[in-house]
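I'd like to ask you about the structure that follows.
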Amino acid sequence: TPGSEPSDEDDARDFADIAADQFDEEELVYDDAMRERDAAALAKLMEDQVFMERCSKTCGASNAASIRDHHEAIEKTGVGRVVEAVVMRHDAPYLRPESILERSKDDASADGACWSLMNLMRYAAAEARATPPASTTAACTSGVDAVAPPA
């Protein structure tokens, strides 16, 4: 009615209106070069003693130790493929080691990078446990049935 204040219902937007206003993110598509860059970035992070010490202080010593343990576990499976699986499953490009490496270089974002690394490694270790090692995967997907050697 004229002169009355609008109700909340008049101004309320439903989810479809809000979603339509959101920018469309380009879907992340991995290739071999991207997997290699992520594996190299993760190796740099793990070798950076100053950053890893910061992660120990930020996330706790036991979590920092688990980061290293999980890294050893995923190295056996194929780092690039495991990272890809985690990033895609969780729709989490911020968990890409390249992204974490960039944030680790900035003092203002380095603590957050530690938490991202810790979560990436937890998810990656779980993914690695669910994924056969790279050499086994190739044999399983080659289309050739594996035959046991004679006893």
Side-chain angles (χ1 to χ4, degrees), residues 6-144 146:
S7 71
D8 286 339
E9 274 186 38
D10 294 337
D11 293 336
R13 299 175 63 205
D14 66 12
F15 182 76
D17 293 332
I18 296 167
D21 289 343
Q22 300 299 312
F23 61 93
D24 290 327
E25 287 187 32
E26 200 171 300
E27 186 173 333
L28 189 61
V29 179
Y30 267 82
D31 59 18
D32 288 339
M34 209 168 160
R35 287 181 203 97
E36 289 172 16
R37 287 193 314 269
D38 274 342
L42 184 57
K44 284 181 185 175
L45 286 164
M46 299 305 295
E47 293 167 359
D48 185 341
Q49 294 305 312
V50 173
F51 177 67
M52 293 307 293
E53 182 60 34
R54 182 177 190 139
C55 290
S56 183
K57 291 176 182 172
T58 301
C59 302
S62 64
N63 285 327
S66 73
I67 290 171
R68 291 192 186 284
D69 292 343
H70 294 325
H71 182 249
E72 289 175 18
I74 70 166
E75 282 185 314
K76 297 172 187 160
T77 309
V79 173
R81 293 265 180 209
V82 172
V83 168
E84 175 186 7
V86 168
V87 169
M88 300 307 282
R89 178 182 312 273
H90 298 282
D91 192 24
Y94 54 88
L95 291 180
R96 288 194 57 219
E98 275 195 318
S99 171
I100 297 170
L101 180 62
E102 283 303 310
R103 288 180 282 138
S104 75
K105 296 174 184 176
D106 180 4
D107 193 56
S109 60
D111 287 350
C114 287
W115 289 107
S116 291
L117 179 60
M118 183 192 74
N119 285 312
L120 167 64
M121 298 314 292
R122 282 185 178 167
Y123 294 141
E127 190 69 37
R129 283 191 296 273
T131 305
S135 60
T136 306
T137 304
C140 292
T141 59
S142 67
V144 177

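We number each residue from 1, following the sequence as shown.
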Shortest non-hydrogen separation from Ala128 to Thr77 and the atoms involved: CB-OG1, 3.5 Å
Residue pairs involving residues 57-87 (criterion disulfide (SG to SG under 2.5 Å); sequence neighbours excluded): none
message: Tell me every residue that passes side-chain hydrogen bond (donor to acceptor under 3.5 Å, both in side chains) with Tyr30, counting only those two or more places apart in sequence or in another chain.
response: Asp38, Arg96
- request: Please list, chain by chain and in numerical order, all residues satisfying side-chain hydrogen bond (donor to acceptor under 3.5 Å, both in side chains) with Asp111, sequence neighbours excluded.
  value: Arg54, Thr58
task: Report the distance from atom CE of Met52 to atom CD1 of Ile67, rounding to the nearest 0.5 Å.
output: 4.5 Å
- request: Identify the two heavy atoms, one from Ala39 and one from Gly80, that lie closest to each other, and give their separation to 0.1 Å.
  value: CB-N, 4.4 Å
query: Can you list every ring-ring contact (aromatic ring centres under 6.0 Å, His included) pair that touches residues 106-130, not counting sequence neighbours?
result: His90-Tyr123
message: Suppose we screen for side-chain contact (heavy atoms from CB on, under 4.5 Å). Which residues come up paired with Ala108, at least two apart in sequence or across chains?
response: Asp106
query: Which distance, rounded to the nearest 0.5 Å, do you find between the CE of Met121 and the CG of Asp69?
result: 9.5 Å
task: For Asn63, check side-chain hydrogen bond (donor to acceptor under 3.5 Å, both in side chains) against everything at least two apart and list the hits.
output: Arg122
statement: For Ala124 and Val82 the tightest heavy-atom approach is O-CG1, 3.4 Å
N/O donor to acceptor pairs below 3.5 angstrom from side-chain atoms of residues 41-51, sequence neighbours left out:
from	atom 1	to	atom 2	distance (Å)
Asp48	OD1	Val50	N	3.2
Asp48	OD1	Phe51	N	3.0

message: I need the minimum non-hydrogen distance between Val87 and Leu95, along with the two atoms involved.
response: CG2-C, 4.2 Å
- request: Check salt bridge (Lys or Arg N to Asp or Glu O under 4.0 Å) between Arg68 and all other residues, then give those that pass, not counting sequence neighbours.
  value: none
query: Who pairs with Glu127 by salt bridge (Lys or Arg N to Asp or Glu O under 4.0 Å), at least two apart in sequence or on another chain?
result: Arg89
Pairwise distance CG(Leu117) to CZ(Arg103) - rounded to 0.5 angstrom: 9.5 Å
task: To the nearest 0.5 angstrom, please state how far the OG atom of Ser104 sits from the CD atom of Glu102.
output: 7.5 Å
- prompt: By salt bridge (Lys or Arg N to Asp or Glu O under 4.0 Å), which residues pair with Glu75, not counting sequence neighbours?
  reply: none
message: I need the Asn119 CG to Ile100 CD1 distance, nearest 0.5 Å.
response: 9.0 Å
Residues which pass side-chain contact (heavy atoms from CB on, under 4.5 Å) with Ala73, listed by chain and number, not counting sequence neighbours: none
message: Which residues pass the salt bridge (Lys or Arg N to Asp or Glu O under 4.0 Å) test with Arg35, not counting sequence neighbours?
response: Asp32, Glu84
